[in-house]
Amino acid sequence: MDKTYQPGAIEQKHYARWEREGRFAPQGGEASFSIAIPPPNVTGTLHMGHAFQDTIMDTLIRYQRQRGINTLWQHGTDHAGIATQMVVERQLNAAGTSKRDLGREKFVERVWDWKAASGGRINDQLRRMGASVDWSRERFTMDEGLSEAVRDVFIQLYDEQLIYRGKRLVNWDPVLLTALSDLEVLSEDESGHLWHFRYPLEGTDEHLVVATTRPETMLGDTAVAVHPDDERYQHLVGKTVRLPIADRSIPVIADDYVDPEFGSGCVKITPAHDFNDYDIGKRHDLPMINVLTDDARIGADMPADYRGLDRFDARKQIVAEFEQLGLLEKIEPHNLKVPRGDRSGAIVEPYLTDQWYVRIAPLAEPAIKAVEDGSIKFVPENWSKTYFDWMHNIQDWCISRQLWWGHRIPAWYDDQGNIYVGRDEADIRERHKLSDNLVLRQDDDVLDTWFSSALWPFSTLGWPKKTPELQTFYPTSVLVTGFDIIFFWVARMIMFGLKFTGEVPFREVYIHGLIRDQDGQKMSKSKGNVLDPIDLIDGIDLESLVSKRTTGLMQPHLAPRIEKATRKQFADGIPEYGTDALRFTFASLATTGRDIRFDLGRIEGYRNFCNKLWNASRFVLASTEEKANSAPVDDSLPGRWIRSRLAHTVAEVERQFERYRLDLAAQAIYEFTWHEFCDWYLELSKVALFDDDPDQGAKQATMQTLAATLEALLRVIHPIMPFISEEIWQRVAVRAGVDGDSICDTRWPVDLSKHVDAQAEADMQWLQRFVLGIRQIRGEMDIAPGKPLPVVLQGASANDLTSLDTHEHLIRKMANLDTITVLDDDQAPPPSATALLGDMQICVPMAGLINVDKERERLAKQLNKSESDLARTQGKLDNPSFVDRAPAAVVATERQRADEHRTQIEQLRAQLQKLDTMVP
RNA sequence: UGUCCGAUAGCUCAGUUGGUCAGAGCGCCGCUCUUACAAAGCGGAGGUCGACGGUUCGAACCCGUCUCGGACUACCA
């Protein structure tokens with residue numbers, strides 16, 4: 001083995017072999033465990049969020065697989081309608097052509113080509129992460145099988161009148177020229193203006209003042225509304241105003257939607273361009289006048305001066321015209337929420353169109369109940385509130401998109417506009433007994449990507465066919481995802497899962513936090529703070545990192561600032577940390593439901609942890625024999641102790657995995673590996689291994705314990721760090737007498753409880769305290785670790801003496817001692833620095849080693865601590881109501897604690913006194 | 001607008017039936033190249049657990065109020 005850990009040298013070969021050998025396919029017992037991957041965009045690349053999420057899922061999957069559970073991690077990718085279409089469109093535009101030039105069929109072909117060309121990238125990156133997905137079952141949302149599931153679902157919902165087509169106001173993206181669902185619209189605070197317009201009252205010289213943030217929509221006003229109780233305007237209700245420019249008469253109506261306090265208390269009503277106005281229009285049976293074209297220009301039936309103008313140019317011109325007409329009252333600055341398409345960034349326009357909708361309330365009801373009754377549990381639980389909030393106020397879901405890439409809506413129209421829904425044209429003709437010469441035209445629209453995503457947990461398993469996979473792995477065990485798609489995806493899977501399978505799609509929803517940068521900022525290309533997981537694995541030089549972060553920016557002017565920040569933070573680029581270190585970092589940071597600041601210090605620390613494990617393994621390999629020896633059971637204290645600690649650790653890791661506390665599992669592993677196995681056991685083992693006059697039996701037994709402990713530890717580490725554990729396991733397994741081809745399916749260590757050994761732990765604690773006492777003196781007196789120290793013991797009990805007798809060789813080695821002298825009670829120790837172990841004093845004679853003042857200071861500090869500890873404890877005991885009302889066990893513990901402190905104080909005082917008698 | 005989350009060591013964070021719970025890692029300060037590991041070893045310093053009340057024998061933990069962050073959601077034209 002190399003002297004230092006080199007992740008690049010070991011990782012990929014193991015993955016290739018695992019995949020070749022089909023180790024990720026389901027296998028194992030009756031019980032099953034399954035996770036459906038949140039399908040990444042087929043043409044996307046792996047970002048930190050994916051890497052984090054994949055680490056969590058892979059850890060859970062590998063753990064269950066090792067436990068002998070029949071395990072499936074269902075992989076696949078999403079066609080990601082808008083996102084993918086946009087990428088290909090951009091390519092076409094760059095090549096001087098366009099989607100319209102190509103036509104629908106050719107364009108869709110181009111997208112498939114792009115998918116074929118780039119769709120493998122995310123998969124390769126998943127492999128780099130060590131993700132043990134079952135590649136043989138990979139699916140794509142536009143596969144034939146999944147598409148069939150989509151059609152079936154659409155048809156059934158339509159037949160049950162849970163899908164309908166209707167003309168309503170939708171969120172319209174005038175750049176992408178498609179409808180969007182509410183969820184795809186992001187509203188941001190932006191500063192704008194409030195324009196106050198005068199609308200002349202017909203038949204008088206008076207006018208009403210209306211305030212608007214969108215002057216251009218006034219062309220579509222069909223009423224002015226006031227509050228019914230607003231005394232200022234009551235007399236005007238029922239009158240009409242003359243709408244300037246448009247030159248139409250519109251009524252003044254009363255509606256209690258109007259807030260009399262805001263603006264002038266009069267609201268212009270534009271039902272075709274505002275959601276609230278739309279509702280008011282419905283209530284008052286107002287006409288709906290569409291002002292805009294689909295690309296947000298003023299429409300053909302608008303006043304001639306405005307036709308074809310962009311909406312913002314029209315706005316300027318309308319304001320100018322009002323001013324000219326003397327009808328502009330005033331302009332105020334005003335902050336408002338501006339709705340933008342989440343993909344295009346364009347300001348979304350409420351727009352009247354024909355779209356397809358899912359009638360959602362009947363589906364939501366059972367989905368709410370499933371979470372209420374615990375059929376589905378959120379982890380952490382409080383996310384269920386977010387879920388309920390949305391579900392209780394859920395709106396019908398607009399599912400049609402005016403795109404070409406996606407599942408085409410399985411609806412056809414005849415010349416009369418009748419709608420026929422079915423699998424295909426033939427199916428429809430048959431179902432509706434249509435004559436062959438009736439011309440049918442399929443709906444041009446495709447379905448919202450999330451429609452197919454909603455079926456993911458069962459469509460990937462073969463639904464609507466009743467496949468064995470569906471039988472075995474549905475419902476899936478847990479969904480691992482981010483809070484950002486609870487509405488987009490989680491809720492819809494629950495609704496559709498219940499509707500079409502009669503069962504929940506998953507039993508638990510583990511919601512993880514967002515990966516942010518070291519300052520808590522969201523990672524984004526435009527901020528230039530994105531970290532690529534692959535760069536953390538392989539490392540990257542500064543120049544490449546800078547160029548990666550500054551090319552392809554939407555706002556190129558940000559490049560210099562990004563470059564500067566990057567050069568400052570990564571002066572030496574990013575070193576190679578390896579997948580295992582990255583995964584361990586993610587696991588360590590995976591506290592539930594909290595965003596994560598990704599700190600490079602952490603990954604470096606865990607890379608060092610890998611190195612520690614690596615070197616410990618080198619030691620074990622160098623110290624043991626190539627084949628497991630048939631040693632007697634290792635009944636030495638270190639052997640019994642490390643087995644006991646391992647048993648505790650395994651139990652703890654299991655417990656934490658079960659409750660998704662990967663951070664605590666990782667911590668338990670780290671603590672055991674570094675601070676128990678390496679710091680103590682390996683050092684203790686050297687006594688038996690390197691003794692000049694070795695007890696061969698003990699030596700063999702120690703070798704066996706070394707190999708066996710490391711081997712078991714590797715199995716516990718494997719779910720989080722699959723590569724390094726496999727690499728070492730391949731070498732160490734045979735020394736531990738364990739068979740198998742790969743650690744992947746070597747069983748999790750089960751039931752080590754028989755190794756729990758309280759006596760060994762107590763004895764070991766005595767030994768550790770002894771050694772720590774010496775080390776503390778050595779450390780604080782700045783005595784070189786290499787210098788052996790003489791030690792004198794006083795006040796040793798019979799137990800102490802027995803322990804000393806048994807473990808002297810261990811203590812001598814761990815504390816680097818020279819002589820150990822036991823004094824009788826009547827013998828006085830020489831002037832010394834002292835450590836206390838129960839009633840025993842461990843004295844290091846001063847003779848040239850110890851500085852009296854320093855020792856006095858050191859003891860005084862300890863005394864101080866003990867005194868304040870005693871004061872606190874005694875304070876409790878002096879409180880009658882504590883003694884009365886606290887449980888007896890608690891009181892007893894406090895009493896004992898007080899006694900211990902008193903003894904300690906007594907001894908420290910005596911020790912200090914002795915120092916005082918000395919000449920400094 | 002409503003909901004939710006967070007505030008613990010210089011930094012990033014654990015602390016889930018309230019009874020050594022005041023912790024870990026990194027960073028920092030000493031001493032060491034001791035035969036697996038300087039990506040290391042050994043020792044050390046460092047916090048009135050955001051503020052104020054309350055419940056309790058006992059509160060980082062439970063309740064209330066407040067301050068400061070953050071997220072989601074709705075919205076006044």
Side-chain angles (χ1 to χ4, degrees), chain A residues 1 3-5 187 194-195 210-214 217 224-225 257-259 261-270 274 276-277 280 334 336-337 380 382-383 385-386 388-390 393 483-484 486-487 513-514 518 520 575 581 588-589 591 593-602 604-623 659 661 663-664 667 670-671 674-675 678-679 682-683 686 690 771-772 774-787 813 815-816 869 872-873 876 879-887 889-891 893-894 897:
Chain A
M1 284 171 83
K3 194 173 172 189
T4 52
Y5 164 64
S187 291
L194 200 55
W195 286 272
V210 298
T212 181
T213 54
R214 305 215 39 206
T217 64
V224 171
Y257 159 78
V258 179
D259 176 4
E261 304 292 318
F262 187 86
S264 62
C266 300
V267 187
K268 63 188 269 307
I269 303 298
T270 322
D274 181 281
N276 290 309
D277 293 6
I280 294 174
H334 183 69
L336 69 163
K337 293 274 192 188
N382 55 282
W383 285 110
K385 292 204 175 182
T386 305
F388 288 136
D389 239 33
W390 190 68
N393 299 300
F483 57 83
D484 49 331
I486 289 179
F487 306 147
L514 196 70
Q518 67 286 341
S588 303
L589 296 171
T591 65
R594 183 164 168 150
D595 284 355
I596 288 158
R597 292 192 190 199
F598 193 86
D599 178 11
L600 280 173
R602 289 294 282 263
E604 185 182 344
Y606 295 126
R607 193 267 322 259
N608 295 354
F609 175 62
C610 289
N611 190 51
K612 187 74 179 174
L613 177 65
W614 184 262
N615 278 297
S617 302
R618 287 176 56 225
F619 172 77
V620 172
L621 291 172
S623 313
R659 54 201 285 267
R661 288 304 302 267
D663 58 326
L664 298 178
Q667 194 183 312
Y670 186 99
E671 170 70 22
W674 201 309
H675 298 302
C678 291
D679 286 352
L682 292 191
E683 295 307 317
K686 289 174 185 173
F690 303 146
V771 171
L772 290 171
I774 304 284
R775 282 182 184 169
Q776 194 178 34
I777 291 170
R778 193 191 286 277
E780 297 205 17
M781 299 299 153
D782 293 344
I783 299 169
K787 181 170 181 58
K813 156 83 184 164
N816 192 17
D869 284 351
R872 205 177 48 196
T873 305
K876 285 187 188 178
N879 179 351
S881 47
F882 170 73
V883 181
D884 270 4
R885 311 174 78 147
V890 173
V891 178
T893 308
E894 289 297 323
R897 206 171 285 157

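Source: prediction; values computed, not measured. Chain naming here is simple, since letters A, B, ... match the order of the sequence lines and numbering starts at 1 in each.
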Checking all strands, does [X] fall into the base, sugar-phosphate, or nothing category for heavy-atom contacts under 4.0 angstrom?
| X | value |
| --- | --- |
| A/Thr386 | nothing |
| A/Leu621 | nothing |
| A/Arg778 | nothing |
| A/Lys385 | sugar-phosphate |
| A/Val620 | nothing |
| A/Trp195 | nothing |

Below 30° counts as parallel, above 60° as perpendicular, anything between as tilted: where do the rings of A/Trp390 and A/Phe487 land?
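Taking A/Phe487 first and then A/Trp390, their aromatic rings lie parallel (interplane angle under 30°).
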I'd like to check the side-chain hydrogen bond (donor to acceptor under 3.5 Å, both in side chains) partners of [X]; sequence neighbours left out, ordered by chain and number.
| X | value |
| --- | --- |
| A/Ser617 | none |
| A/Arg659 | A/Gln656 |
| A/Arg775 | none |

Any side-chain N or O of [X] less than 4.0 Å from the OP1 or OP2 oxygen of [N]?
| X | N | value |
| --- | --- | --- |
| A/His675 | B/rG25 | yes |
| A/Asn393 | B/rU73 | no |
| A/Lys3 | B/rC37 | yes |
| A/Trp674 | B/rG41 | yes |

Scan nucleotides 30-32 of chain B against the protein and return all N/O pairs shorter than 3.5 Å with their distances rounded to 0.1 Å.
from, atom 1, to, atom 2, distance (Å)
B/rG30, O2', A/Asp782, OD1, 3.1
B/rG30, O2', A/Asp782, OD2, 3.4

Taking only N/O atoms, report every protein-nucleotides 9-15 of chain B pair under 3.5 Å with atom names and distance.
from, atom 1, to, atom 2, distance (Å)
B/rU12, OP1, A/Arg597, NH1, 2.9
B/rU12, O2, A/Arg602, NH1, 3.4
B/rA14, OP1, A/Thr591, OG1, 2.8
B/rA14, OP2, A/Arg594, NH1, 2.8
B/rA14, O3', A/Arg661, NH2, 3.3
B/rG15, OP1, A/Arg661, NH1, 2.8
B/rG15, OP1, A/Arg661, NH2, 3.2

Got a sec, which residues hit side-chain contact (heavy atoms from CB on, under 4.5 Å) with [X], two or more places apart in sequence or on another chain?
| X | value |
| --- | --- |
| A/Asp599 | A/Arg602 |
| A/Leu514 | A/Phe483, A/Arg516, A/Lys522, A/Asp595 |
| A/Val620 | A/Thr624, A/Phe677, A/Leu682, A/Leu706, A/Leu710, A/Val732 |
| A/Asn879 | A/Ser881, A/Phe882 |

Treat a base pair as Watson-Crick or G-U wobble with both distances under 3.5 Å, then lay out RNA chain B in dot-bracket form, 5' to 3', with | for cross-strand pairs.
.((((((..((((.....[...)))).(((((.......))))).....(((((..]....))))))))))).....
Between A/Glu261 and A/Tyr606, which is nearer to the 5' end of RNA chain B once each is assigned its nearest nucleotide?
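Its nearest nucleotide lies further toward 5', so the answer is A/Tyr606.
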What distance, rounded to whole Å, do you find between the two C1' atoms, one in B/rU3 and one in B/rG46?
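Roughly 39 Å separates the two C1' atoms.
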For A/Glu683, all residues meeting salt bridge (charged side-chain N to carboxylate O under 4.0 Å, His left out), sequence neighbours excluded
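A/Glu683 satisfies salt bridge (charged side-chain N to carboxylate O under 4.0 Å, His left out) with A/Lys686 only.
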Which atom pairs link the protein and nucleotides 53-58 of chain B when you take only N or O atoms and keep those under 3.5 Å?
from, atom 1, to, atom 2, distance (Å)
B/rC57, OP1, A/Arg885, NE, 2.6
B/rC57, OP1, A/Arg885, NH1, 2.6
B/rC57, OP1, A/Arg885, NH2, 2.4
B/rC57, O4', A/Ser881, O, 3.4
B/rC57, O4', A/Ser881, OG, 3.4
B/rC57, O2', A/Asn879, ND2, 2.8

Whole-Å distance between B/rC72 P and A/Ile486 CD1?
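Rounding to the nearest Å, CD1 of A/Ile486 and P of B/rC72 are 12 Å apart.
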